[in-house]
S.K.: 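Pasting in a structure now, in structure tokens, and then I'll have a few things to ask.
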Protein chains: 2
Amino acid sequence: MRMLSQAVEDYLKAIYKLQGDGRVATNDIAQVMEVSSASVTNMLKRLTKMELVDHASYKGVRLTGAGTKVALEIIRHHRLLETYLKEIMGFSWSEMHAEAERLEHHISEEFEERIDEMLGFPTHDPHGHPIPTKDGQIADSATQTLAEVEPGERVVVHHVSDADSDLLEYLEGAGLLPNSRVHVVEKEPFNGPITVAMDGAERVIGREVASHVFVAHERPFEAGA
Amino acid sequence: MRMLSQAVEDYLKAIYKLQGDGRVATNDIAQVMEVSSASVTNMLKRLTKMELVDHASYKGVRLTGAGTKVALEIIRHHRLLETYLKEIMGFSWSEMHAEAERLEHHISEEFEERIDEMLGFPTHDPHGHPIPTKDGQIADSATQTLAEVEPGERVVVHHVSDADSDLLEYLEGAGLLPNSRVHVVEKEPFNGPITVAMDGAERVIGREVASHVFVAHERPFEAGA
DNA sequence: TTCTTTTTTTAGACGCGACTAATCTTTATA
DNA sequence: TATAAAGATTAGTCGCGTCTAAAAAAAGAA
Ligand SMILES: [Mn+2]
Ligand SMILES: [Mn+2]
Ligand SMILES: [Mn+2]
Ligand SMILES: [Mn+2]
């Protein structure tokens, strides 16, 4: 396997994250990568030649087996790095993400193994995202958000969105991080605020915030594979 | 200050290391960078436009103040990383160097500060090379090698060459690392082997090896600024 | 000083990864 | 179903960082 560029790796990662069952649209890739659609088409042609994706003109794109493997490898780097930067080096949520976003492309397998070991082979990163194994296995994530939970129900935070680090700071302050037990006490109508209880203490949060908190009804870290 | 590419940073570092008093030759840069002379000329033109070097056609090149600052910043990253990788993460000599060579271009100032702090603000890397300070101060290195020391003299290893990691493994086994006290017992003529005593135990090493071990007559880490 | 060798630069090319503008294909709407 | 809008691709350009081959300049030898 020849050396892949940072750009190639980031495209594969983006496609992986956009790709559910079906195929991924050029425009969607352009949006998350913050480049023009023309740039995406150009890259897709090259990724196709490298047999990392399967692209049919005007019909979207899908990762091949090889492409998936690369994407998962980069995601593994990213999540191990995030965990290491936060747990061992004391980075904040926002610094941690930005740093991992760059370093994920530049660490060696040796480095990956060292931090994995130093962290005690973690299965999830600080957001609660599953860390792919070295051979490309990955647990699937909870899909229900706290905003969808009915009053009276008790859930456990599985993972949180990694999109907005200010939000993460807020969630940390509110105690809404992976593994927190949450009891939904009340929901105001018309997308109104939600009253939750954690460790007995009640707290009111907005519906918007709640929609970035993903929950499960059982203990989350036993749930996945 | 805009973002500089890895290539630009590595050129500046190479020029810094080649540059003594005078100017650096295109061919010498080409050799250490392992690229063609034409590539070097091309890069020198661009570095000149960026005001990082001062290049006169056919007359060699010198770093400007700004160029020196960048070079020292990268060298600081490199040496802090080497120290961190070896001391905290348990990398070997060869892995440590290769890893630092890449990561030096990709860590943030935040990362730099964290490892500096975690290491207790070291002044020298595992080779004994001085680590530039954040504001670009650097201690100068010893220039006498163990091969030049006369029998009967007692010296302290200041630093070792970082060129050959097999050699470093050997030096580590022999106990010839920075701060080791060495008593030169005997030197065979015609570039023959040198007998040294360390902690009482005698050992015979080749002249070639000895020429990669730089020594001082006083305690080295008190000597520099 | 003149010729030869070495060093450096120039000229022209290439792949990467981005861009804009124009065009083509597909999908939605009237 | 014809037309308009949205989505995707093509065409052409650019800077980066590399290359080889050829030309020019500097240094060394006769
Ligand atoms: Mn990235
Ligand atoms: Mn994450
Ligand atoms: Mn480097
Ligand atoms: Mn070093």
Side-chain angles (χ1 to χ4, degrees), chain A residues 1-16 18-20 22-63 67 70-71 74 101-102 104-106, chain B residues 1-15 18-20 22-63 66-67 70-71 74 101-102 104-106:
Chain A
M1 175 71 76
R2 72 212 155 288
M3 189 64 182
L4 300 175
S5 71
Q6 166 159 354
V8 164
E9 291 179 350
D10 276 335
Y11 272 97
L12 294 173
K13 200 173 72 160
I15 296 168
Y16 179 90
L18 288 168
Q19 167 181 303
R23 303 176 71 88
V24 179
T26 301
N27 264 4
D28 293 350
I29 300 169
Q31 201 197 325
V32 309
M33 294 288 296
E34 297 182 282
V35 296
S36 71
S37 309
S39 300
V40 174
T41 300
N42 174 60
M43 179 57 93
L44 292 182
K45 281 179 181 303
R46 285 173 30 229
L47 294 177
T48 299
K49 197 175 304 171
M50 293 189 257
E51 298 185 300
L52 293 168
V53 305
D54 168 12
H55 176 232
S57 231
Y58 294 100
K59 300 289 180 193
V61 70
R62 267 186 71 78
L63 294 177
V70 173
I74 300 303
E101 194 60 48
R102 265 177 297 108
E104 64 188 0
H105 309 287
H106 304 293
Chain B
M1 175 72 75
R2 73 210 156 290
M3 188 65 184
L4 300 174
S5 70
Q6 166 158 357
V8 163
E9 292 179 348
D10 275 337
Y11 273 98
L12 293 174
K13 201 173 72 161
I15 295 167
L18 288 167
Q19 167 180 301
R23 304 177 71 88
V24 179
T26 300
N27 263 4
D28 293 350
I29 299 169
Q31 201 196 325
V32 310
M33 295 288 296
E34 297 182 284
V35 296
S36 71
S37 309
S39 299
V40 174
T41 300
N42 174 62
M43 179 58 91
L44 292 182
K45 282 178 182 302
R46 284 172 33 226
L47 294 177
T48 299
K49 197 174 305 172
M50 293 188 257
E51 298 185 301
L52 294 168
V53 305
D54 167 13
H55 177 230
S57 229
Y58 295 102
K59 300 289 180 191
V61 69
R62 267 186 70 79
L63 295 178
V70 173
I74 300 303
E101 194 60 47
R102 263 176 298 109
E104 63 187 1
H105 309 288
H106 305 292

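Every heavy atom of this structure was used, including side-chain atoms; hydrogens, water molecules and symmetry mates were not. Quantities reported herein were computed from a predicted structural model and do not represent experimental measurements.
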S.K.: How long is the line joining CG of Leu4(B) and P of dC16(D), in whole Å?
M.R.: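 After rounding, the gap between these two atoms is 12 Å.
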S.K.: Both Gln6(A) and Tyr58(A) contact DNA chain C. Taking the nearest nucleotide for each, which residue is further toward the 5' end?
M.R.: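 Nearer the 5' end of the strand: Gln6(A).
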S.K.: If you only use heavy atoms from C-beta on, which nucleotide in dT9(D), dA18(C), dC19(D) is closest to the side chain of Val35(B)?
M.R.: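 Side chain of Val35(B) sits closest to dC19(D).
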S.K.: If only side-chain N and O atoms of Thr26(A) are considered, is one of them under 4.0 Å from the OP1 or OP2 phosphate oxygen of dT9(D)?
M.R.: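 For dT9(D), OP1 or OP2 has a side-chain N or O of Thr26(A) closer than 4.0 Å.
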S.K.: Rounded to whole angstroms, how far apart are CG on Asn42(A) and P on dA22(C)?
M.R.: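 Value for this atom pair: 20 Å.
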S.K.: Figure out the NZ/C1' separation between Lys45(A) and dA8(D), and round it to whole Å.
M.R.: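 For the pair Lys45(A) NZ and dA8(D) C1', the rounded distance is 10 Å.
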S.K.: Please pick, from dT20(C), dT8(C), dC19(D), the nucleotide with the shortest atom-to-atom distance to any side-chain atom of Ser39(B).
M.R.: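 Output: dC19(D).
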S.K.: Does dC19(D) have OP1 or OP2 sitting under 4.0 Å from an N or O in the side chain of Ser36(B)?
M.R.: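 So the side chain of Ser36(B) is within the cut-off, an N or O lying under 4.0 Å from OP1 or OP2 of dC19(D).
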S.K.: From CG of Asp10(A) over to P of dA18(C), roughly how many Å is that when rounded to an integer?
M.R.: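 Checked: the CG to P distance equals 9 Å.
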S.K.: In whole angstroms, how far is the P atom of dC16(C) from the NE2 atom of His105(A)?
M.R.: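 Rounded to whole Å, this separation is 18 Å.
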S.K.: To the nearest 0.5 Å, what is the distance between CE on Met43(A) and CD1 on Ile29(A)?
M.R.: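 So the CE of Met43(A) and the CD1 of Ile29(A) are separated by 10.5 Å.
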S.K.: Taking 4.0 Å as the cut-off, does a side-chain nitrogen or oxygen of Tyr11(A) come that near to OP1 or OP2 on dA18(C)?
M.R.: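 Looking at the OP1 and OP2 atoms of dA18(C), one of them is under 4.0 Å from a side-chain N or O of Tyr11(A).
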S.K.: Whole angstrom is fine here: how far is it from CG in Asp28(B) over to P in dT8(C)?
M.R.: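 That distance rounds to 7 Å.
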S.K.: When you measure from the side chain of Asn27(A), which nucleotide among dG7(D), dT18(D), dT26(C) comes out closest?
M.R.: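 So the side chain of Asn27(A) is nearest to dG7(D).
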S.K.: So, is Ser57(A) near the phosphate of dT9(D), with a side-chain N or O under 4.0 Å from OP1 or OP2?
M.R.: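 Indeed, a polar side-chain atom of Ser57(A) lies that close.
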S.K.: For the side chain of Gln19(A) and the backbone of Leu63(A), is there at least one donor-acceptor N/O pair under 3.5 Å apart?
M.R.: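 Between the backbone of Leu63(A) and the side chain of Gln19(A) there is a qualifying donor-acceptor contact (under 3.5 Å).
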S.K.: With heavy-atom distances below 4.5 Å as the criterion, would you say the side chains of Leu47(B) and Met50(B) are in contact?
M.R.: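 Of all side-chain heavy-atom pairs linking Met50(B) with Leu47(B), at least one is under 4.5 Å.
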S.K.: Which nucleotide, dA18(C), dT20(D), dT18(D), lies nearest any side-chain atom of Ala38(B)?
M.R.: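 The listed nucleotide nearest to Ala38(B)'s side chain is dT20(D).
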S.K.: Quick one: is His55(B) getting a side-chain N or O under 4.0 Å of the dT9(C) phosphate, OP1 or OP2?
M.R.: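 It does, given that an N or O in the side chain of His55(B) lies less than 4.0 Å from OP1 or OP2 of dT9(C).
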S.K.: When the distance from CG of Leu44(A) to P of dT9(D) is rounded to whole Å, what number comes out?
M.R.: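 Taking CG of Leu44(A) and P of dT9(D), I get 7 Å after rounding.
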S.K.: Looking at Gln31(A), I'd like to know if its CD atom is crowded, meaning that more than 12 non-hydrogen atoms belonging to other residues, nucleotides or ligands lie closer than 6.0 Å.
M.R.: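 Atom CD in Gln31(A) is not packed in, count stays at 12 or less.
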S.K.: For Tyr11(A), run the side-chain contact (heavy atoms from CB on, under 4.5 Å) check against Leu4(A), Val70(A), Val35(A) and tell me which one passes.
M.R.: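 Among the candidates, only Val35(A) passes.
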S.K.: What is the separation between atom CE on Met43(B) and atom P on dC19(D), rounded to the nearest whole Å?
M.R.: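 Whole-Å distance recorded here is 11 Å.
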